[in-house]
Amino acid sequence: AVIGGDRVDESAVVTGDETLYAHWSVKVTFVGASDDEQAVIRFYAPGERFGTLPEPHEGQNVFIGWFRNEDQKVSADDIVPEGDVVISACWIGESEINGMNWSYEIFGTNKLAITGLKDTRSAEGCHPEFVEIPSSIRGKAVTGLTCLGLGEGNLQTREIAIPDSVREIPRHFFSAWYRLESLVYPAGLMSDFEDRPVLAECSSLRQVVFPQGGEFITDEAMLNCTSLARVVVGKDVRVIGRDSFAGCPSNLVVRFWGAPPAGLPVAGFKPGTSILYPRSQASAWTEELARYGLTSAAAFDDSDSGVVH
């Protein structure tokens with residue numbers, strides 16, 4: 001039993017009148033303590049302290065601590081919360097791949113975020129013109145990017161390739177990447193609508209692709225991208241945020257692969273922006289374009305709709 005007494009189950013034999021007492025417990029699952037990804041499960045009484053926490057298995061990374069959430073560290077003296085909970089180990093490490101030294105953070109068993117990089121081929125360690133984010137590091141899929149060392153104000157990188165395993169990127173990660181010219185959003189990006197990364201003030205940006213699978217283009221997504229020439233919007237996008245195209249050139253060409261998304265009238269398109277829409281959705285698009293006065297538009301053959309280009 002969790003708190004004294006003898007535990008009774010369906011196999012118990014009753015020989016007379018008895019009083020049974022319910023004992024409640026909280027299930028705490030500790031994950032990420034070792035490379036074999038085996039969880040450690042403990043049961044606590046409500047209001048009990050964690051006590052001695054599981055010992056992490058030493059490996060190639062440095063153990064930082066146990067966390068209830070990514071920003072809520074757990075100590076032995078903390079009181080166990082009400083209700084079952086998962087506590088995740090946090091590790092940090094570095095790995096060199098193709099001449100690049102990648103810093104990363106592992107949270108639990110299934111989240112690895114890159115926190116920085118250094119070009120070991122350069123004396124200054126600057127970011128190269130082309131950055132290819134690895135899909136995995138030490139056998140774990142890369143699921144996120146952070147702003148530390150690879151974010152806002154990057155002055156060197158012209159193009160970055162991001163694997164579809166990446167599901168989280170901070171909102172201002174790409175802000176003021178003044179030399180960035182092309183970006184394909186990863187199809188696996190799962191950030192909330194308000195927190196999706198924006199490309200504001202990327203003054204050299206010429207092409208952006210929102211692939212199939214994503215449903216939103218966030219507010220101010222491409223604000224003041226003054227060189228933007230071409231945007232491809234996947235067929236699953238159903239909402240375009242306010243001012244997502246504000247400050248973009250009037251000769252911009254936007255190719256939509258799906259039905260008209262909500263938000264067209266507040267997207268910030270300049271007069272003269274060319275809208276290309278799929279012939280299979282011509283009826284819906286014709287109605288929307290007439291409603292909002294977007295006159296520079298044409299249908300294209302989307303019979304090969306499995307390809308976004």
Atom pair CG/SG of Leu205 and Cys225 - distance to nearest 0.5 Å: 5.0 Å
Look up atom CD in Glu48 and atom CZ in Arg42, then write down how far apart they are to the nearest 0.5 Å. 10.5 Å
Stepwise, does the side chain to side chain contact (heavy atoms under 4.5 Å, CB included) test hold for Thr143 with Asn110? CA-CA 8 Å; Thr143 60; Asn110 58 3; over 6 Å; no
Return each pair, listed once, that meets salt bridge (Lys or Arg N to Asp or Glu O under 4.0 Å) where at least one residue sits in residues 276-289; pairs must be two or more places apart or across chains. Glu287-Arg291, Glu288-Arg291
Who are the side chain to side chain donor-acceptor pair (under 3.5 Å) partners of Glu94, not counting sequence neighbours? none
Partners of Asp84 by side chain to side chain donor-acceptor pair (under 3.5 Å), sequence neighbours excluded? none
Side chains of Phe269 and Leu264: closer than 4.5 Å at any heavy-atom pair? yes
Does Lys270 reach the main-chain N or O of Leu252 with its side chain, forming a donor-acceptor pair under 3.5 Å? no
Exercise: identify the closest heavy-atom pair between Leu112 and Ile137: CD1-O, 3.9 Å
Flag if over 12 foreign heavy atoms under 6.0 Å of CD, Gln72: yes
Could you work out, with side chain to side chain contact (heavy atoms under 4.5 Å, CB included) as the rule, every residue matching Ala284, not counting sequence neighbours? Pro260, Gln281
With sequence neighbours excluded, give me every salt bridge (Lys or Arg N to Asp or Glu O under 4.0 Å) pair touching residues 97-114. Glu70-Lys111, Lys111-Glu168
Would a 4.5 Å heavy-atom cut-off, applied to side chains only, mark Val253 and Leu276 as touching? yes
Is Asp219 reaching over with its side chain to a backbone N or O of Arg242, donor-acceptor style, under 3.5 angstrom? yes
When Ile, Leu, Val, Met, Phe, Trp and Tyr are grouped by side-chain heavy atoms lying under 4.5 Å apart, directly or through other members, which residues fall in the same group as Val31? Val86
Phe63 meets the ring-ring contact (aromatic ring centres under 6.0 Å, His included) criterion, sequence neighbours left out, with Trp66, Trp91
Distance from Leu223 atom CG to Ser244 atom OG, nearest 0.5 Å? 9.5 Å
For Phe300, the ring-ring contact (aromatic ring centres under 6.0 Å, His included) test, sequence neighbours excluded, returns Trp257
Out of curiosity, Ile162 CD1 to Leu145 CG, how far, rounded to the nearest 0.5 Å? 5.5 Å
Would you mind reporting whether Pro197 and Leu189 have side-chain heavy atoms less than 4.5 Å apart? yes
A side-chain contact here means heavy atoms from C-beta on lying under 4.5 Å apart; do Pro163 and Ile133 qualify? yes
When you measure from the side chain of Trp285 to the backbone N and O of Ser280, does any donor-acceptor pair fall under 3.5 Å? no
In Å and rounded to the nearest 0.5 Å, what is the CZ to CD1 distance from Arg68 to Ile87? 6.5 Å
Run the ring-ring contact (aromatic ring centres under 6.0 Å, His included) test against Phe67 and tell me which residues pass, sequence neighbours left out. none
If every non-hydrogen atom of Pro186 is compared with every non-hydrogen atom of Pro211, which pair is closest and at what distance? C-CG, 4.2 Å
To check you understand the geometry: which heavy-atom pair defines the closest contact between Pro278 and Phe256, and what is its length? CD-O, 3.0 Å
In one Ile/Leu/Val/Met/Phe/Trp/Tyr side-chain cluster, 4.5 Å: Phe50, Val26: yes
Do NZ/NE/NH1/NH2 and the carboxylate oxygens of Glu181 and Arg158 come within less than 4.0 Å? yes
Does any non-hydrogen side-chain atom of Ile114 lie less than 4.5 Å from one of Val142? yes
Shortest non-hydrogen contact from Pro271 toward Ser250: O-CB, 3.3 Å
Nearest heavy-atom pair of His172 and Val198: which atoms, and what distance? ND1-CG2, 4.0 Å
Is a side-chain donor or acceptor of Tyr178 paired with a backbone partner of Ser203 at a separation under 3.5 angstrom? no
In terms of hydrophobic clusters joined by side-chain contacts under 4.5 Å, are Val28 and Val40 together? yes
Going by ring-ring contact (aromatic ring centres under 6.0 Å, His included), name the residues that satisfy it together with Tyr104, two or more places apart in sequence or in a different chain. none
What pair of heavy atoms forms the shortest contact from Met100 to Leu117, and how long is it? CE-CD1, 2.7 Å
Do Asn224 and Glu201 pass the side-chain hydrogen bond (donor to acceptor under 3.5 Å, both in side chains) test, and can you show the C-alpha distance, the side-chain angles, and the key distance before you say yes or no? CA-CA 5 Å; Asn224 294 331; Glu201 312 295 340; 3.1 Å; yes
Determine, using the 4.5 Å side-chain heavy-atom cutoff (strictly less than), whether Val85 and Tyr44 are members of one ILVMFWY cluster. yes
Using the ring of each side chain (for Trp, its six-membered ring), is Tyr185 parallel, tilted or perpendicular to Phe210, with breaks at 30° and 60°? parallel
In terms of hydrophobic clusters joined by side-chain contacts under 4.5 Å, are Trp102 and Phe173 together? yes
Measuring from Met222:CE to Leu183:CG, what's the distance to the nearest 0.5 Å? 10.0 Å
4.5 Å side-chain heavy-atom contact, Phe216 and Arg238: yes
My understanding is that only residues two or more places apart in sequence, or in another chain, count here; which of them pass side chain to side chain donor-acceptor pair (under 3.5 Å) with Ser11? Asp9
Got a sec, which residues hit side chain to side chain donor-acceptor pair (under 3.5 Å) with Asp78, two or more places apart in sequence or on another chain? Ser75
Please report the C-alpha distance between Ile106 and Arg138 in whole Å, then the side-chain angles of each, then the deciding distance to 0.1 Å, and finally whether the side chain to side chain contact (heavy atoms under 4.5 Å, CB included) criterion is met. CA-CA 11 Å; Ile106 298 174; Arg138 301 195 190 282; over 6 Å; no
Determine whether Pro249 and Leu228 make a side-chain contact, defined as any pair of heavy atoms from C-beta on separated by less than 4.5 Å. yes
